[in-house]
Every structure is written in structure tokens, then in C-alpha cells.
Amino acid sequence: MHVAISRARGIHIIRLLSLNCPKRLPSSFAYSSSSRPAAAPEKMFKKALQDHPGSGTKTLHQTDLLRANARAPSKPQLQSQSGGVKRKVEVAESSLGSLHNAVYFDENDFDDDLDLDEPQPLIVPSVAGSTIPKTVTYPSLDTSSRIGQSVYTNETLADVNYPDLPSISQETAAPPSSMQLPWSSSPPAHFQPPVKKPRTLPWTKEEEEPREDKKKSIVAPKRSRPAEPWNKSESTIKAEQKELRQEYKKTQKSDGKPKQLNSKIATVFLSDEQRAVLDAVVDRGKSMFFTGSAGTGKSVLMREIIAKLRNKYRKEPDRIAVTASTGLAACNIGGVTLHSFAGIGLGKEPVPELVKKIKKNQKARNRWLRTKVLVVDEVSMVDGDLFDKLEEIARRIRNNGRPFGGIQLVVTGDFFQLPPVPDGSNREAKFAFAAASWTTCIQHTILLTNIFRQRDPEFANMLNEMRLGKITPSTIEAFRRLSRPLDVKDQIEATELFPTRAEVDGANSARMGRLSGEVLRFNAVDSGTIQDPQHRDRLLSNCMAPPMIQLKKGAQVMLIKNMEDSLVNGSIGKVVAFMSEDYFDSYKENDKNFADDATASDDERAHRARKKLKPMGYKEGPASMARKWPLVSFLQPDGSERHLLCQPETWKIELPNGEVQAQRQQVPLILAWALSIHKAQGQTLQRVKVDLGRVFEKGQAYVALSRAVSQEGLQVTRFEPRKVMVHPKVVDFYSNLVSITEVNKSKTSSALNPDDFDDEDF
Ligand SMILES: Nc1ncnc2c1ncn2[C@@H]1O[C@H](COP(=O)(O)OP(=O)(O)OP(=O)(O)O)[C@@H](O)[C@H]1O
Ligand SMILES: [Mg+2]
């Protein structure tokens, strides 16, 4: 397992707000684990604030809210919130505010990455002397099966479509409620085993369930790092195969039974603070906002919560609405945007009109009526006025005067990361915590403090200073020292993070252009209940998987689905070969035959193996023979590598009732020499390169740098403290989160008492 359980550097839970629940609530509580933190973030926070006393700590916003709420009745009948208290957020004008003004939004697209740029066509790498492609169509396996291959003079460009992919049934839409989670930053849908289980190597075969179809991913076990991963398709595979046979023999000898070498998705072990939040949400039905620095396991916890809630409501799955602020974030957790869930379009109208609109839409109305738990991910990008509008809509539609119409809210995000995108009007974006109804709807705010991503306390401290926008001279120096190129011993380069998609596409295309050899083009297959192609395309434009990806041998790629415990969303690797599934079938069935002839090409050996397998019932088909998938060598955090034959996976945009509005089937890869900061949000990356001269948005620099797991794996150029922009309102909000030290002072017991969550229910 590449991520060991971090020796808890301190686990603290801070109960901060219980404003609307005065009954039996202590003002705060604390929990601490047995071990002390090496670099407790709350200490860093305090220290940073002390170091910079003038640091935007004006009137504490939260204090205002507390006072306001103290005067409010315990179960406020919120009326006309949308027309109620306006909390104007005074934000310094972004130097690139004009970019935001050009942003186009609708209810399905809150992807600032997409909005910042016009959609960019993927640039075909220019190849000197290339000629107009000649298309060769292979005979079909069946009438619907067709593969077109275009041949260039210097390189081959092959289109790979998936005409015969099985359509995904509605039953497969919702992830299994009891699924296990790996330790990674992938969305919950990715934590399911792939729709078809990864194909394992021969020695695991006997343990596998019989499967109906053959489209499985092929995973090789860990092996030591090769010198040039993409140049080893034949001889190295032969060597690998020998190694595998030896390992196989060993497993046979050890206990007489084959062992499952490739463990499936591992169970996550939540820290005590994560566990406490999970219990409060799932068992006690609390409305919670849990937050914390990048890498504190918010996403891991949210996925576990969703899984547990799905299990709890397994008989009525539509009781849980999984949403996120942006299309990308929503797609990442297998949900929809908050706007789509609400059925409010752009949501610009006043609440009464929006209510009318929803009442006319039976499906949207039902969603509001049926929902018991509303999950909101990446809340930092949710607009505060929108939050208030939704709160009022919920009460009106559900005819229930409790906060948010009695819906339990499970909200997460880090307000120090990307802020709400302004709506194009002159109005400044308003944070969700500044919404008038925020404190009445959120029963508990929990600060997760145990940073898992960066295990080096010094680095975690540097990032925390950056997060708060209060960087000490020594940290500035330390970041400047990171401008050197990374010292890497293998061929995997640092992924460069850019603010805009155009820069990303340009960088990736340039790198692809430098590679010679065959280009294979993989086209996605899109489907779903939305028939209007434009609408569907717009929804799917937020999907991590692109509509088309071109790959060459040697291309650096990122895996965008979790396949195994160590092959997860965010794993970086190189394409080492393109191989058909049949080749692999033959290979594993007939390995001796393959291994003994190093001179034969992949195809020759596959052909020979197929011949041998024919009498055993092997069905030969030209189309299936020709369809090749990228074989990728992924770098593991421990320096070893693993291989995966990357076959299409599915992404869905799914409503709470299970209706799959849109889905995309595509190979689970994107080019990864470069990545947008937006797409990198939430990822954990081993090697990262960031040019801070390009960042322009508050929180952007922090999001980019905090993807790295270590200083050794991070290169930062043009580090300027002024590039680290932090919103003063966010500083205010977080400075009101009581530190564990203060909590400990006011509490005799340091142990978390579960009863601390047992305040009155809404
Ligand atoms: N309980 C845990 N045990 C071990 N590792 C964990 C645990 N929780 C999270 N991690 C690991 O820590 C890393 C960061 O987790 P995660 O992506 O959930 O953090 P996050 O708070 O969502 O960060 P971000 O704000 O950047 O999205 C991941 O590699 C994840 O696997
Ligand atoms: Mg996250």
C-alpha cells in the first residue's frame, strides 16, 4: 500500500458552531489522540496569525453570526432569506477579473477550468512529412463493429472506437453501498471495482469469479523500475513473465494454494477524527460542515460517508442527493451539480419564481421532496446567495419551516482553496459561509487537522503558512530553493500545473509531438437519458475523461479511475505499448510459447498463441484482434512500477433517483505532462512542477503546491509571496475556529465524548 497510515501527528476535533442548537450543547469540545502532532496545523495557524498581527483579522464574521444567532430562536422559521441579511464580501478586485466576466455558466457547468477558456480542440501533433491519412477499415466482427485506422507516412494514426461496449445498465449506476475505499483522492464512483473487474494474471485466475465478458483491465504486479519503460514491450515483457512465473511458483509452494497477489481496493482506516464525523453524520444524522487543509482526508471521509449513507438508505436510494459546486467535482463523486439537483437553471431569479419553476418540473419537485440528506462537495465554490436561495426553496417546496426544510446537510471543502466564480455581474462572489442561513443549517463545523498527504512536518508547515497567506521569510526562502529541477531516477517527469486549459493542451501537445511512432486515437462513447447532444456534451464536458484522447508509446499519462489499491486516480505512468486484449489472453494462457521467442513481434506471438488456443475454443475475430489498448507502466510511490492494460471505464452524471443523465465510456487516461490546477484539485501527486508567475486567482497557488506529497517531488518557479493570495473573509472565518489548545484549556477531559454531538435534532 503506497500510503501507510500516517502516525497521527495529532488528531483533534473542534466543535465550533452549534448556534441553532443551544440545548445541552457545550460551547466546544475537543478530542485528542494518544500521539502529539509533529506539526499541528492549528498551531501553525495561530503562529502565523501571531507572526502577522495585522493580517486581515477584522471584526470576526463568525462572531457576528454567533451574536445574531444567539438572539434568534432555537428553531428559526426562516422567512425570505433571499431577501434577508446581505453580507457583502469585500474582495479585492482580481487582477484577472475580466477573465471571470467572460465566464459562461449554466446549471450544468460550473467548471471554471472550462469557463476560463473557449473549448480548445485537441491539437494533433504535427509530424514533418505527414500525409493525408488513408483510412483502412477492418472487416467487422459484427455489423456494428468497425475500426478505422488511418496511416501516415511517418506515423500511424489509429482511431479506436468502442462500438461494441456493453451499455451500462441502470442498476450499475449507483455504486454499491458497502464498497470499500482505497486511500486515495479519487471520487467514490472510482472506488467501485471497475465495471468489469481488472483481469488478473494466471495465478489469481482460480480465485476469480467466472465472468461473462472479456473486457477486463490487465494488471501486472509490482516490479523494479525499468530504465526506459516504454521501450520494453517485448524483451522486458519476456523477462517480466519469467519473474511472474517464479512468483507464481513461490506462491504455489508456500501454501499449496494460489495467492491473490493483487489485492483489490483496500479498506480505508479512518482516523479518529474522521471516524467521529462519520458517526455523527451517519448514525446521529447531524448536519455538518467538515473542513481542513489540503490533504486532511476530506475527500476520503466524504466518500466513506456517502458509502455508509447509501447503505443506510439502501431501500430508498433517492433519499441521498450527492452534489458538488462544479461539474467536475460532481462528476468526480458520481453526482450532479447543486444547480442540476435543484432544478433552478442558472438560479438568477428571485426565490418565488424559482419555486414556481421547480413546482412545474415534477422530477425536480420530487427530488426536493424525497431528499433526506444533501451532500455538497467542494463548497468553497458555492455562492453564498445561492446557498440562501436553496435554503428558502427547500422550506417552501417541502412546506417545512426547519432549516433547509429539514434536510440533513453534509458539506465539505476548504475555503482557502478555489473560491466561488463570480456570475458575470458586478457583484462580488460571496462565500457559502457568509450566507445568512449558513449557521442555522450547519449544526457542527469540524476542522480536520491531521494532514495525511504531506508527511514531512516542515513541508506541511510551509503549505499551511501559504494557505493562510502569511509566509515567513524562512518559508519564502524554502520555497525559492524548490526552483531547482527535480532529481528523478526514472522517466516519469513532474506534472506541470497550469491555470488555464489552453496552456495545458499546448504543453501536452508539444510533448506528444516530440514522440515518434504510432498514434492511437481513442474516442469516447457517450450515452444517457438526455437526448439533446448539445446538452449532453455540455454535461460531459465536465467529465475527467475527454471525448477523444490520442496516445503514443512513451506518452506520460494519469490514471483517472481507481483500479487497484495502488493503481488509483492520480497515478502517473507512461504508455509502454498498445496491445489487444486477445494478445494478453493468449499471453497469459500460453506464456511459455511467448516467452521463448524474444525475436517475434507482439502480433506474431499473439498470432501463434491464438493458433495454439484455437482447438481450445478460442474465437478469432479480426476486429477484436486489431483493437489495441494502451498498456501503461505506472510509477508507485515506493518507486516500483505496475502495468495496467487500460480498457474503457464509465463515468456517469446521475440524479439521486438513479437516472443516468449522461455517461461516457473512455480509456481511463489523460495526458499528464501537464494538468490544469482545476483538474488537479483534490489530487495527490508525487511529482509536481508549478510556475507561480502564471497563477492569478486566490487560493490557486495553494491548491497547486499542496498537490505535492514532498519537497523532493515539488519544483516551484517564480515564487513570489504576492502570488499567494488569500481572501481576508476566509481568514476571519477560520480564525474563529477555536484551536484545540484553547479547547483543552476549557475542558478537563481531552477525549471526545460522542455525546458532544448529541444535541437536539432539527
Ligand atoms: N484515514 C486515512 N488514512 C491514510 N491515508 C489517508 C486517510 N485519509 C486520507 N488519506 C490520504 O491522504 C491523501 C489526501 O486525502 P484527501 O484527498 O481525502 O484529502 P483532502 O482533504 O480531500 O485534500 P484536498 O483538500 O486537497 O482535496 C490521500 O492520498 C489519501 O489517500
Ligand atoms: Mg479533496
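When a ligand or atom number is given, it counts from 1 through the structure's own listing order.
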I'd like to know: is the Mg ion (ligand 2) within the 2.8 Å range of an N/O/S atom from Thr412, strictly under that distance?
no
What atoms of ligand 1 come within less than 4.0 Å of a heavy atom belonging to [X]?
X: Val300; answer: 8 (N), 9 (C), 18 (O), 30 (C)
X: Thr296; answer: 19 (O), 21 (O)
X: Ala294; answer: 23 (O), 24 (P), 25 (O), 26 (O)
X: Phe269; answer: 1 (N), 2 (C), 3 (N)

Examine Gly295 against ligand 1 and note whether any of their N/O atoms are separated by less than 3.5 Å.
yes
N/O of Glu378 under 3.5 Å from N/O of ligand 1, yes or no?
no
For residues Gln711 and Asp456, is any side-chain donor paired with an opposing acceptor at under 3.5 Å?
yes
Expected output: side-chain [X] to main-chain [Y] donor-acceptor under 3.5 Å:
X: Lys561; Y: Thr650; answer: yes
X: Ser676; Y: Arg501; answer: no
X: Ser325; Y: Glu378; answer: yes

For Phe719, check ring-ring contact (aromatic ring centres under 6.0 Å, His included) against everything at least two apart and list the hits.
Phe479
Nearest-0.5 Å distance, OG1 of residue Thr684 to CZ of residue Arg707
7.0 Å
Any idea which part of [X] is under 4.0 Å from ligand 1, heavy-atom wise: side chain, backbone, both or neither?
X: Gln417; value: side chain
X: Gln683; value: neither
X: Ser271; value: backbone

Nearest non-hydrogen contact to atom 16 (P) of ligand 1 from the set Gly413, Gly297, Ser380 belongs to Gly297
With sequence neighbours left out, what residues match Glu712 under salt bridge (charged side-chain N to carboxylate O under 4.0 Å, His left out)?
none
Decide whether the shortest distance between a heavy atom of Arg707 and an atom of ligand 1 is less than 4.0 Å.
yes
Is Asp414 in contact with ligand 1, taking contact as a heavy-atom separation below 4.0 Å?
no
Please report whether the ring centroid of Phe415 lies less than 6.0 Å from that of Phe733.
yes
